[in-house]
Trainee: 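For reference, the structure I am asking about is given below.
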Amino acid sequence: DNSNSFSVIGPYLADKGYTVVAIDHMGHGHSSHSPNCQMNQFPKYVFHVKEVLQQLQWDTATLIGHSMGGGISTFEQKPSTAVATMRKALDEEAKFHQKEITIGGGRLYNSVNEATMARMATVKRFPGEQFISPEAALQLIKRGTYPARVTDQTDEHFFDEPSDTEEVRFRHDPKLTLPSYTYSTHEQIHAFLDSITAPTLYLSGEKGWPYSSTSEMDQRFKILSDKNLLKHIHSAGSHHLHLDPDHAATAAQNIFEFLE
């Protein structure tokens, strides 16, 4: 996904008086790809969020994340010594590599509509009964593709939104589909959750991504609930309920009421 994931929630909260910043993580949307010698690892995204906050000169902020973004927000609240150490290593590594965007590869789609249908089909292959509406998929496709006529990332039209009828390719970093070589244990996740001190809203859809272990999720909920920090709203919708037109307004209202 990309920052268009917040194309409903962002304007809604802005109209309520909040300053909203939606970002494209590295390898997503309009952001650069990592060099071919680097993998897109989860800890990097935590650092990038912190860097955005530093650039904005914000001492405090409410973090709203979808899917992977929710996990990033969890880790963002309490970085560990190990994460800080990895940050130093990544800073050193970055000195030797120039950011780049890989273009010209991947499947060619005859139109934005065909790419949108492909995005919807991909979600159907996910576990459970997940779905994404055409409207939601289109929002992601608009920022997640580039006109196939562009063959050089320095082309002034590289970041143009493709027209409905022209051929397109996906612009995300192909390395995003590779498996990660870093995973957290249940004990590590519990430790991060236990370190959270901020009130937390968790939105889930009835046909969202199924839990691999209900008992494990119950344990995670309990860690925050025991500290009276968790509000969990389970409602109609799927994994992209915040973007699907039938459920996005409810999700936005739930977030606003939580913030208020």
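Since the model is a prediction, treat every value here as computed from it, not as a measurement.
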Trainee: Can you say whether the rings of His30 and Phe159 are parallel (under 30°), tilted (30 to 60°) or perpendicular (over 60°)?
Mentor: tilted
Trainee: Please check if any side-chain donor atom of Asp244 sits under 3.5 Å from a side-chain acceptor atom of Ser133, or the reverse.
Mentor: yes
Trainee: If Ile, Leu, Val, Met, Phe, Trp and Tyr residues are connected whenever their side-chain heavy atoms lie under 4.5 Å apart, and connections chain through other members, are Val8 and Phe6 in the same group?
Mentor: no
Trainee: Without swapping roles, check the side chain of His25 against the backbone of Gly69 for a donor-acceptor pair under 3.5 Å.
Mentor: no
Trainee: With a 4.5 Å cut-off on side-chain heavy atoms, are Glu206 and Glu129 touching?
Mentor: no
Trainee: I need the Thr122 OG1 to Met117 CE distance, nearest 0.5 Å.
Mentor: 11.5 Å
Trainee: Taking Leu201 as the starting point, is it possible to reach Ile72 by hopping between hydrophobic residues whose side chains are less than 4.5 Å apart?
Mentor: no
Trainee: Could you tell me whether Arg119 and Asp1 have a side-chain N and a carboxylate O separated by less than 4.0 Å?
Mentor: yes
Trainee: Is Arg149 close to Asp160 at the side-chain level, that is, under 4.5 Å between some pair of heavy atoms?
Mentor: yes
Trainee: For the OG atom of Ser225 and the CG atom of Leu230, what is their distance to the nearest 0.5 Å?
Mentor: 4.5 Å
Trainee: Quick check for you: to the nearest 0.5 Å, what is the distance between Arg220 atom CZ and His186 atom NE2?
Mentor: 6.0 Å
Trainee: Whether the side chain of Ser111 engages the backbone of Glu114 through a donor-acceptor N/O pair (distance < 3.5 Å, no angle test) should be reported.
Mentor: yes
Trainee: For Leu241 and Ser204, which heavy atoms make the closest approach, and how far apart are they?
Mentor: CD2-C, 3.6 Å
Trainee: Would Leu176 and Phe126 show up in the same hydrophobic cluster when neighbours are defined by side-chain heavy atoms closer than 4.5 Å?
Mentor: no
Trainee: Compare all side-chain heavy atoms of Asp164 with those of Asn113 and state whether any distance is below 4.5 angstrom.
Mentor: no
Trainee: Parallel, tilted or perpendicular for Tyr18 and Phe256, by the 30°/60° rule?
Mentor: perpendicular
Trainee: Is the Tyr146-Phe170 ring centre distance short of 6.0 angstrom?
Mentor: no
Trainee: Taking atom NE2 as the centre, does His234 end up with more than 12 heavy-atom neighbours from other residues, nucleotides or ligands that are less than 6.0 angstrom away?
Mentor: yes
Trainee: Flag the pair His239 / His66 as yes when their ring centroid distance falls below 6.0 Å, and as no otherwise.
Mentor: yes
Trainee: To the nearest 0.5 Å, how far apart are CG in Leu224 and OG1 in Thr200?
Mentor: 5.0 Å
Trainee: Report the relative orientation of the aromatic rings in Phe221 and His232; use parallel for angles under 30°, tilted for 30 to 60°, perpendicular for over 60°.
Mentor: tilted
Trainee: Within a reach of under 6.0 Å around CD of Gln57, are more than 12 heavy atoms found that belong to other residues, nucleotides or ligands?
Mentor: no
Trainee: Looking at Ser238 and Phe131, would you say the former's side chain and the latter's main chain have a donor-acceptor pair under 3.5 Å?
Mentor: yes
Trainee: Say whether Val21 and Leu63 are linked into one hydrophobic cluster, either directly or through other cluster members, by side-chain heavy-atom distances under 4.5 angstrom.
Mentor: yes
Trainee: Regarding Arg169 and Thr145, do their side chains bring together a donor and an acceptor under 3.5 Å, going by distance alone?
Mentor: no
Trainee: What is the minimum heavy-atom distance between Ser195 and Lys227, and which atoms define it?
Mentor: N-NZ, 4.2 Å
Trainee: What I'd like to find out is whether the side chain of Glu167 reaches to under 4.5 Å of the side chain of Pro147, using heavy atoms alone.
Mentor: no
Trainee: Take the angle between the ring planes of Tyr45 and His28 and call it parallel below 30°, perpendicular above 60°, tilted in between.
Mentor: perpendicular
Trainee: Rounded at 0.5 Å granularity, tell me how far CD1 in Ile255 sits from CG in Leu203.
Mentor: 5.5 Å
Trainee: Judged by modelled atom types alone, do Ser5 and His242 share a side-chain donor-acceptor pair under 3.5 Å?
Mentor: yes
Trainee: Taking the side chain as every heavy atom from C-beta outward, state whether Ser3 and Arg143 have any pair of such atoms under 4.5 Å apart.
Mentor: yes
Trainee: Say whether, by atom type as modelled, one donor and one acceptor occur between the side chain of Gln188 and the main chain of Thr185 under 3.5 angstrom.
Mentor: yes
Trainee: Would you mind reporting whether Lys175 and Ser34 have side-chain heavy atoms less than 4.5 Å apart?
Mentor: yes
Trainee: More than 12 non-hydrogen atoms from neighbouring residues, nucleotides or ligands closer than 6.0 Å to NZ on Lys222, yes or no?
Mentor: no
Trainee: Any luck finding a side-chain donor-acceptor pair between Glu216 and His190 under 3.5 Å?
Mentor: yes
Trainee: Within the side chain of Asn4, is there an N or O that forms a donor-acceptor pair under 3.5 Å with the backbone of Gln139?
Mentor: yes
Trainee: Can you name the closest pair of heavy atoms from Val112 and Ser163 and give their distance?
Mentor: CG2-O, 3.2 Å
Trainee: Any chance you could measure Leu140, atom CG, to Ser7, atom OG, to the nearest 0.5 Å?
Mentor: 7.5 Å
Trainee: Could you pull out the closest heavy-atom pair between Thr116 and Ala137, with the gap in Å?
Mentor: CG2-CB, 3.7 Å
Trainee: Between Thr19 and Trp58, is any pair of side-chain heavy atoms under 4.5 Å apart?
Mentor: yes
Trainee: In terms of hydrophobic clusters joined by side-chain contacts under 4.5 Å, are Phe75 and Val52 together?
Mentor: yes
Trainee: Contact between Leu13 and Leu259 at the side-chain level, heavy atoms closer than 4.5 Å - yes or no?
Mentor: yes
Trainee: Determine whether Glu51 and Val49 satisfy the following criterion, side chain to side chain contact (heavy atoms under 4.5 Å, CB included), listing intermediate values before the conclusion.
Mentor: CA-CA 5 Å; Glu51 288 174 348; Val49 171; over 6 Å; no
Trainee: Do Glu257 and Gln253 get their side chains close enough for a donor-acceptor pair, meaning under 3.5 Å?
Mentor: yes
Trainee: Testing the 3.5 Å rule here: is there a donor-acceptor pair between the side chains of His172 and Asn2?
Mentor: no
Trainee: Looking at every non-hydrogen atom in both residues, tell me the closest pair between Ala115 and Val168 and how far apart they are.
Mentor: CB-CG2, 4.0 Å
